[in-house]
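Proteins come first, then strands; the chains are lettered A, B, ... in the order of their sequence lines, and each starts at number 1.
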Number of protein chains: 4
Amino acid sequence: MRSENEPTGQKSRSFIEDARRAQIVAAAIDVIADVGFAQASLARIARQAGISKGLISYHFAGKEELMTEVVVVTYTAIADHVLAAMQGVESPRELLRTHVLSVATYMRGQRKGLKALGQIFGNLRDADGRPRFGIRTNDEIYRSLENIYRAGQAAGEFRDFDVRVMAVTHSAAVDAMFAYWVEHPEHDLDEHARQLADLLERACVT
Amino acid sequence: MRSENEPTGQKSRSFIEDARRAQIVAAAIDVIADVGFAQASLARIARQAGISKGLISYHFAGKEELMTEVVVVTYTAIADHVLAAMQGVESPRELLRTHVLSVATYMRGQRKGLKALGQIFGNLRDADGRPRFGIRTNDEIYRSLENIYRAGQAAGEFRDFDVRVMAVTHSAAVDAMFAYWVEHPEHDLDEHARQLADLLERACVT
Amino acid sequence: MRSENEPTGQKSRSFIEDARRAQIVAAAIDVIADVGFAQASLARIARQAGISKGLISYHFAGKEELMTEVVVVTYTAIADHVLAAMQGVESPRELLRTHVLSVATYMRGQRKGLKALGQIFGNLRDADGRPRFGIRTNDEIYRSLENIYRAGQAAGEFRDFDVRVMAVTHSAAVDAMFAYWVEHPEHDLDEHARQLADLLERACVT
Amino acid sequence: MRSENEPTGQKSRSFIEDARRAQIVAAAIDVIADVGFAQASLARIARQAGISKGLISYHFAGKEELMTEVVVVTYTAIADHVLAAMQGVESPRELLRTHVLSVATYMRGQRKGLKALGQIFGNLRDADGRPRFGIRTNDEIYRSLENIYRAGQAAGEFRDFDVRVMAVTHSAAVDAMFAYWVEHPEHDLDEHARQLADLLERACVT
DNA sequence: AATGAATGAGTATTCATTCAT
DNA sequence: TATGAATGAATACTCATTCAT
């Protein structure tokens with residue numbers, strides 16, 4: 001098993017172990033999305049996965065490692081998607097629109113993963129009670145958004161505004177788009193994304 | 001117990017009982033803001049209030065009622081403040097700016113209350129696992145914001161956009177402003193509010 | 001409850017709480033003596049005491065605090081008894097005999113307590129895996145025994161030997177007397193004590 | 001599995017199986033000596049041996065059989081050593097001294113084995129909670145020591161004392177010598193042994 | 001109105017053991 | 001022979017809630 005047989009690093013994980021870990025992560029996402037972080041006990045996750053409680057402990061060092069894995073998996077997937085979409089786009093205005101729209105298209109298939117992500121971000125604390133994610137990770141997002149806005153200002157396409165405020169607002173607006181859509185499945189996500197892209201674009205241009 | 005003797009409403013509550021409830025609510029806000037929803041046990045809240053655990057159960061039917069009360073109290077207070085600030089303002093653009101700026105000024109003195117509010121919103125579930133707040137309560141906010149935007153559109157000052165998307169974005173942007181300021185206390189809240197007001201205004205005008 | 005309501009120190013413990021703690025300590029002694037330290041779970045101790053598992057956690061901060069209390073209670077009692085018996089005795093040879101004989105008489109009524117003490121001494125470890133008792137506490141015993149032997153040497157009654165070796169041997173011999181008697185209840189404890197006193201006395205005199 | 005295929009005795013065990021069992025026993029001794037009986041899980045022992053957990057179960061019917069093997073192996077080795085040293089010695093007084101001194105020399109190279117032995121003796125219980133070793137095994141030691149003392153009495157070299165008390169004390173004194181040396185590695189083991197031999201000899205002679 | 005004592009269900013985690021490969 | 005995967009029972013501990021006083 002991983003934490004016993006491979007104490008040195010995250011090197012070679014057997015195929016079957018990878019599959020189990022993925023299965024457990026998927027079950028965790030389902031449970032967290034459905035009942036919330038606080039109610040997402042390992043027992044419930046195990047039941048969802050159709051395995052024994054002990055098996056989770058066998059594959060993950062602890063609950064925190066599982067939660068971290070959920071975050072990493074979900075996060076990496078969305079980042080890959082968005083970065084791929086933005087590849088080759090030059091114009092700051094187009095980058096802005098592409099970011100909003102590609103996040104929205106990705107969301108469509110990842111409702112639960114993103115919902116779980118939000119729960120973990122907002123709730124997971126380390127031993128001394130401080131948020132495990134949130135600040136640091138959000139700051140990464142903020143920085144990448146700021147780059148878009150700064151490029152637009154440098155190109156003279158965007159007016160002079162505080163890029164951090166714009167990044168915080170942009171990020172929150174995208175999150176809210178997702179949250180609203182999750183709660184109102186009949187809501188038109190694509191149209192929302194277009195509206196939001198317009199909104200942000202207008203807020204930026206001179 | 002109260003909720004059994006007075007099942008009809010929240011009518012006659014003795015002065016001392018009101019005081020105790022307020023004291024407990026205040027302690028709950030402090031604890032939730034400090035250690036997060038999941039770690040906010042009744043024992044911790046009681047200790048913070050300097051009373052016994054049993055007394056909380058005496059004054060509240062259960063943990064959920066206490067959490068609900070925290071939400072209602074905090075929520076009512078901020079709504080009163082914002083509504084008072086918007087009283088007499090006519091222009092939609094001014095209403096918009098006033099809303100953002102008055103929320104910011106209110107936040108300054110209510111860090112903990114708002115932080116606790118966010119925690120409860122994101123975490124409190126009822127018995128069957130569905131979020132206790134969120135949809136319904138947010139919808140009230142959305143509707144009041146929509147009124148502002150619709151008025152602006154009716155007056156010809158605002159362009160034609162989806163008012164629900166704008167309301168969702170506006171609300172999320174204000175929440176994010178608060179959250180960012182809570183985590184970065186050195187951040188200039190007033191300037192953020194002004195920037196956000198500019199941003200939203202520009203996004204709306206024709 | 002203690003650890004919540006009296007976080008400052010070990011000051012005022014209510015009468016009823018003292019009684020419960022004593023009851024739990026007694027149950028712990030019974031269980032440890034009967035099934036050994038490793039099998040002495042809180043569940044088993046609670047069952048022995050006829051109370052719920054939770055109540056142990058209510059009265060003791062954790063298992064270690066309970067074990068420590070068992071040690072302190074048992075240890076203090078035997079030390080008081082032996083010291084009282086040795087009070088007023090002057091001659092080193094008599095002190096030596098008195099120590100052995102008074103320990104034996106005390107043992108008679110404290111079989112389980114002493115058995116439990118031995119188990120805890122030999123097994124309780126703190127978080128980093130080092131024995132919680134043992135060395136330090138034994139050293140206290142050794143020192144007090146050494147005082148007796150050194151006095152005998154100073155008075156010229158005892159020959160010149162290593163007092164630490166004698167103390168270690170004395171202590172072990174007394175423990176073994178007890179252990180043997182526990183396992184062979186028909187064994188004549190008083191006669192064993194007399195034989196042991198003779199043995200040690202002869203080993204010391206010139 | 002072994003104990004099923006060869007239920008009659010410990011007859012034919014393949015060479016490789018013997019080697020594995022020895023390797024596992026050695027690992028168990030290391031782990032028990034280092035972290036204590038209670039923390040000595042099969043997983044930890046397997047890791048120490050560099051093999052999988054399952055392999056221990058393959059070679060031993062259960063944890064208890066492994067522990068028993070540790071005791072038997074260690075015990076047999078020390079008995080062989082001591083008996084060899086006493087071979088040819090005739091005088092009871094010399095036998096007594098030889099026993100103490102040869103045990104001490106053996107200890108020097110067997111710290112861990114003896115430490116583990118003590119842990120298992122003090123902790124291993126069978127299903128119904130009674131000590132697995134202790135009584136029976138100690139009685140063997142007692143009897144062999146009694147033979148020495150009785151021979152001394154028969155030869156008129158030793159005074160008239162209870163040989164069982166003397167044997168119990170002798171055994172305990174030797175164990176304590178070991179335990180003290182294990183905890184105080186700077187302690188002079190050889191000098192302790194000489195002092196102890198003097199002590200016992202003086203306690204016996206007329 | 002308030003407390004401290006008590007419960008029992010629930011938490012994460014550990015571990016000896018089993019078993020298919 | 002040997003492994004890695006899996007189980008299920010047991011562990012200490014937490015906590016909302018109840019209740020006699």
>> Measuring from atom OH of A:Tyr58 to atom CD of A:Glu17, what distance do you get when rounded to the nearest 0.5 angstrom?
In response: 6.5 Å

> What distance do A:Glu69 atom CD and A:His59 atom NE2 have between them, rounded to the nearest 0.5 Å?
Replying inline: 12.0 Å

>> With nearest nucleotide decided by heavy atoms, which residue, C:Ile51 or B:Leu55, maps closer to the 5′ end of DNA chain E?
In response: B:Leu55

> In whole angstrom, what separates D:Arg44's CZ from E:dA16's P?
Replying inline: 11 Å

> Which whole-number value in Å describes the distance from C:Ile24 CD1 to E:dA5 P?
Replying inline: 11 Å

> If you find the nucleotide of DNA chain E closest to D:Gly54 and the one closest to B:Ile56, which residue's nucleotide is nearer the 5' end?
Replying inline: B:Ile56

> Do any N or O atoms from the side chain of B:Arg132 and from the backbone of B:Thr68 form a donor-acceptor pair under 3.5 angstrom?
Replying inline: no

> What is the distance, rounded to the nearest whole Å, between atom CZ of C:Phe60 and atom C1' of E:dA5?
Replying inline: 14 Å

>> Once rounded to the nearest 0.5 Å, what's the spacing between atom CD1 of B:Ile45 and atom CD1 of B:Ile24?
In response: 9.0 Å

> Between A:Ser52 and F:dA9, is there a side-chain N or O to OP1/OP2 distance below 4.0 Å?
Replying inline: no

> Is C:Ser14 near enough to E:dG4 that one of its side-chain N or O atoms lies under 4.0 angstrom from OP1 or OP2?
Replying inline: no

> What are the two closest non-hydrogen atoms of B:Val70 and B:Ala28, and how far apart are they?
Replying inline: CG2-CB, 3.9 Å

>> Below the 4.0 Å mark, does F:dG4 have OP1 or OP2 next to a side-chain nitrogen or oxygen of A:His59?
In response: no

>> With a 4.0 Å cutoff (strictly under), does any side-chain N or O of C:Arg20 reach OP1 or OP2 of E:dA6?
In response: yes

Find every protein N or O atom lying less than 3.5 Å from an N or O atom of nucleotides 10-12 of chain E, and list the pairs.
from   : atom 1 : to      : atom 2 : distance (Å)
E:dT11 : OP1    : A:Ser41 : OG     : 3.4
E:dA12 : OP1    : A:Leu42 : N      : 3.1
E:dA12 : OP1    : A:Lys63 : NZ     : 2.9
E:dA12 : OP2    : A:Leu42 : N      : 3.0

> Residues in side chain to side chain contact (heavy atoms under 4.5 Å, CB included) with A:Arg47, at least two apart?
Replying inline: A:Arg44

> In whole angstrom, what separates C:Met67's CE from F:dA12's C1'?
Replying inline: 11 Å

> Tell me: CZ of C:Arg21 to P of E:dA5, nearest whole Å?
Replying inline: 11 Å

>> If the condition is salt bridge (charged side-chain N to carboxylate O under 4.0 Å, His left out), which residues does A:Lys112 pass it with, not counting sequence neighbours?
In response: A:Asp30, A:Asp34

>> Checking A:Ala43 now: which residues fulfil side chain to side chain contact (heavy atoms under 4.5 Å, CB included) with it, not counting sequence neighbours?
In response: A:Ser41, A:Lys53

> DNA chain F: stems of at least 3 consecutive Watson-Crick or G-U pairs, cut-off 3.5 Å?
Replying inline: E:2-21 with F:2-21

> How would you list, by chain and number, every residue that makes a side chain to side chain contact (heavy atoms under 4.5 Å, CB included) with B:Ala38, sequence neighbours excluded?
Replying inline: none

> Has D:Tyr58 got a side-chain N or O lying under 4.0 Å from the OP1 or OP2 atom of F:dA2?
Replying inline: no

> Given atom CD of B:Glu17 and atom C1' of E:dA2, what is their separation to the nearest angstrom?
Replying inline: 12 Å

